[in-house]
Structures are given as C-alpha cells and as structure tokens.
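Here is the structure we will look at.
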2 protein chains.
Amino acid sequence: METKKILNDYKLKSTPCRSEVLQLLISNEHALSHSDIETKIDDSHDRVTVYRTLKSFLSKGIIHKVLDDEGITKYALCHECSKEEHHHEHVHFKCEHCGQTQCLDNVKIPDIALPQGFKSKEKNVLIQGLCNQCNN
Amino acid sequence: METKKILNDYKLKSTPCRSEVLQLLISNEHALSHSDIETKIDDSHDRVTVYRTLKSFLSKGIIHKVLDDEGITKYALCHECSKEEHHHEHVHFKCEHCGQTQCLDNVKIPDIALPQGFKSKEKNVLIQGLCNQCNN
DNA sequence: CTGTGTGCAAACACTTTGCAGGTGT
DNA sequence: ACACCTGCAAAGTGTTTGCACACAG
C-alpha cells in the first residue's frame, strides 16, 4: 500500500476514504475537482468527508489547489514539493477542448517585472488552449 | 452623463442600475466582486439585477473577469479593449495585505514556451504580494 | 483507550432561472 | 408600442459547521 506509507509520512491516519482519494490523485495526471473525485470514488464516502480529506491533504502539502479559468477549484498532487519545501512556480494548463486541467511541472514561470513599489511573493499562471492530446 | 454615453455606445439601454454599477467600476481602480458592488450601490437594486447587469457588461466587452487566488470572481473595466478588439494579456495583482485586486495594464505577460503539442490561446497571470500602497 | 475521522443534518454563500409586471427608446 | 430590464421567489451548486458515533494507532 503506497498510499498508507504516504499518509504515515505526512502524519495522517490511514483510512479508506483518504487512501482512495489519494490513490485517485496519484493515478490521475490531471487536476480533479471535488465533484470529479466524488463521482470516481466509492459512493459510500460522504461528500463532507471528501471535503475534509482534501483539506487535510492541502494543509499537509500533499496536494495543491489549481484554479481554472472559471474559478473551479481543482486539486493535484505536489510532485515537486518535499514535506519541508514547497514549489508551485509551474504553469497550469487547461484544454478548451477536453476541459482537463493539468500541471506542466516542467514549465517554470518567468520573472515578471512589476511597477515601482510592488513586491511579488507568489505567481500563478493559467494557460488555456489545446493540449497535446486534443491538438492534431 | 458619461455612463449613458458608454451604454449607448455598447447598445445597452441606460437604466439606473446599469449606470450606477458602471459608474462604480469607472471610479474604482480595483477589481470588484459582486458583493463589493452590492454593498456600494443603492440598496434598491436587486442582487439578481446586478448579476444580470454584470453579465451584460461582460458579454458586450465593457468589463472583464478577474479571478483572485481563492477563486473569487471580480470584475474590472476593460481599459485596453475597443469594441472590436479585446486584449487581456495583462497581469493581475492581488495584495495580500489590503486584499485588493487590480489590473496592471502596463505589465504584459511574457511568452511562455510550452511542451511539444500544446497550443496556447489565452494566458492568465495572477501575482500576489504587496501593492505599492501597502509596501513600505 | 484516546484522539481523530466519519456520516448525517443543516446551514450558508454564490449564482442561475422563470415569470409577471415595469420602463427606456 | 414593443422589446428589454427588473424584482421576487425559488431552485441549483459548492462548501462549511455541529454533533454523536466509529475507528486507527
């Protein structure tokens, strides 16, 4: 059980709901919304429990939030983060054909010069277009 | 009445609610959420009417959506758009101290190279940090 | 055994829709 | 006069909270 080990690592108790949600996020290359997750896991898990599961994953840094262009909150694994250090300076991409959102972990956000007086602490980039599956 | 002229230009009937919302957006340099707007205009206007007003402004290209880091939808005037042509390739900035979100119209989004097969059509950048008012 | 996670019910926030009546041009 | 805008009521969706019970370590 890979998920059990991960949960232990992050000091979260291993429970069926957490394992299932985590497994889903691990095996899925796209960011998933709460409702995506709800429909893909076992019905027996309550909607509220899934919310709380995601919240606990977020607070431990196992996953991060991805906002798409319509403000829909999605979640994806933190591939580049260790427990101690977090990097989210990668680009998110939403395909307008298939609707899927993904992290382009290898595409870093360039520096952007701001006007006098502004101080940048965090950057978030969402690109929309056609993904490599839909662009033919 | 500047607002009346603008509404006419965009082929929208001039009504009290539209004028008031438009005036508010014109005189405000920050992006405003629906609830910001609701509290700042005359109580007599129904919440629903404000939603519809914003939707009509959006569809005519008078304003554009700005999403902040928490997925809150805000609205700001299109300074750079004409009726025919729309540019939104500027950076949005949210100050983590005062909470205000604004368009940095002069800060263009740099080109970002995507992996093989991806095609970019629209880019959206949100930077968080301290604005020129709060950074001292 | 103890603290944490879960399920259920309910509340809350945000946004949309249908309809009847009112208003701008 | 007519099309369009508005207000009200209601419903849909997404998310949070309180509480009693269940379960993992």
Side-chain angles (χ1 to χ4, degrees), chain A residues 1-24 31-60 62-75 99 101, chain B residues 1-24 31-60 62-75 99 101:
Chain A
M1 291 304 251
E2 188 190 0
T3 57
K4 179 158 185 171
K5 182 182 177 314
I6 296 173
L7 291 170
N8 282 336
D9 277 359
Y10 283 93
K11 307 215 190 318
L12 288 173
K13 284 184 183 173
S14 173
T15 66
C17 182
R18 285 177 176 171
S19 297
E20 211 171 327
V21 172
L22 183 53
Q23 185 55 54
L24 183 61
L32 299 174
S33 69
H34 173 273
S35 78
D36 291 335
I37 293 170
E38 211 189 333
T39 60
K40 291 188 184 184
I41 64 172
D42 198 312
D43 274 355
S44 67
H45 302 300
D46 194 89
R47 184 194 275 93
V48 175
T49 303
V50 176
Y51 275 112
R52 289 195 268 229
T53 295
L54 291 169
K55 200 177 259 190
S56 67
F57 288 1
L58 278 176
S59 74
K60 296 292 184 181
I62 303 177
I63 61 177
H64 64 286
K65 267 195 196 185
V66 182
L67 291 176
D68 82 357
D69 60 311
E70 303 171 271
I72 299 172
T73 302
K74 303 188 177 184
Y75 305 89
T101 303
Chain B
M1 290 303 251
E2 187 191 0
T3 58
K4 180 160 186 171
K5 182 182 177 315
I6 296 174
L7 291 170
N8 281 339
D9 277 359
Y10 282 93
K11 307 214 189 317
L12 288 173
K13 285 183 184 172
S14 173
T15 65
C17 182
R18 286 177 175 171
S19 297
E20 213 172 325
V21 172
L22 183 53
Q23 185 56 54
L24 183 62
L32 299 175
S33 69
H34 173 272
S35 78
D36 292 335
I37 293 170
E38 211 188 332
T39 61
K40 290 188 185 186
I41 63 172
D42 198 313
D43 275 356
S44 67
H45 302 301
D46 194 89
R47 183 194 277 93
V48 175
T49 303
V50 176
Y51 275 113
R52 289 195 269 228
T53 296
L54 291 169
K55 199 177 260 191
S56 67
F57 288 1
L58 278 175
S59 75
K60 296 292 182 179
I62 303 177
I63 62 177
H64 64 286
K65 268 195 195 185
V66 182
L67 291 176
D68 82 355
D69 60 311
E70 302 169 272
I72 298 173
T73 303
K74 302 187 176 186
Y75 305 89
T101 303

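Note that the structure is a prediction, hence the values are computed from the model and not measured. Note: hydrogens, waters and symmetry copies are ignored here, and every other heavy atom, side chains too, is used. By convention in this document, chain letters (A, B, ...) are assigned in the order of the sequence lines, proteins followed by strands, and residues within each chain are numbered from 1.
Atom CG of B:D46 is separated from atom P of D:dC8 by 6 Å (rounded to the nearest Å). Atom-to-atom, NE2 of B:H45 to C1' of C:dT23 comes out at 14 Å; the value is rounded to the nearest Å. Between the CD atom of B:E20 and the P atom of D:dC5 there is a distance of 18 Å, given to the nearest Å. Atom pair A:D68:CG and D:dG14:P shows a separation of 12 Å (rounding to whole Å applied). Distance NZ (A:K11) to P (D:dG25): 14 Å, rounded to an integer number of Å. Look at CG on A:D9: it is 13 Å from P on D:dG25, rounded to the nearest Å. Regarding A:K13, its NZ atom lies at a distance of 15 Å from the P atom of D:dA22, rounded to whole Å. Rounded to whole Å, the distance from CD1 on B:I37 to P on C:dT15 is 11 Å.
At a threshold of 4.0 angstrom between heavy atoms, the contacts of A:R18 are confined to the sugar-phosphate backbone, with no base atom among them. Residue contacts for B:S56: at a heavy-atom cut-off of 4.0 Å it reaches no nucleic acid atom on any strand shown. Residue B:S33 is out of contact with every strand shown, counting any heavy-atom pair closer than 4.0 Å. Here B:S19 lies out of heavy-atom contact (under 4.0 Å) with every strand.
Closest-nucleotide positions on DNA chain C for B:S35 and A:T49 were compared, and the one nearer the 5' end corresponds to A:T49. Between B:T73 and B:T15, it is B:T73 whose nearest contact on DNA chain C lies nearer the 5' terminus.
Side chains of B:K4 and B:S14: no donor on one and acceptor on the other come within 3.5 Å. B:K74 and B:T101 are linked by a side-chain donor-acceptor pair at a separation below 3.5 angstrom, with hydrogens and angles left out of the test.
When side chains are defined from C-beta on, A:L12 counts as touching A:I62, because their heavy atoms get closer than 4.5 Å.
Across B:I6, B:L7, B:T3, a single residue satisfies side-chain contact (heavy atoms from CB on, under 4.5 Å) together with B:R18, and that is B:L7.
Residue B:R52 places a side-chain atom within donor-acceptor reach of the base of D:dG7, judged by atom type and a 3.5 Å distance cut-off alone.
Outside the 6.0 Å centre-distance limit, the rings of A:Y75 and A:H64 are not counted as a close aromatic pair.
Of the candidate nucleotides D:dT16, C:dT6, C:dT25, D:dT16 has the atom nearest to the side chain of A:K55.
When the side-chain nitrogen and oxygen atoms of A:Y51 are compared with OP1 and OP2 of D:dT15, one or more of them lie within a distance under 4.0 Å.
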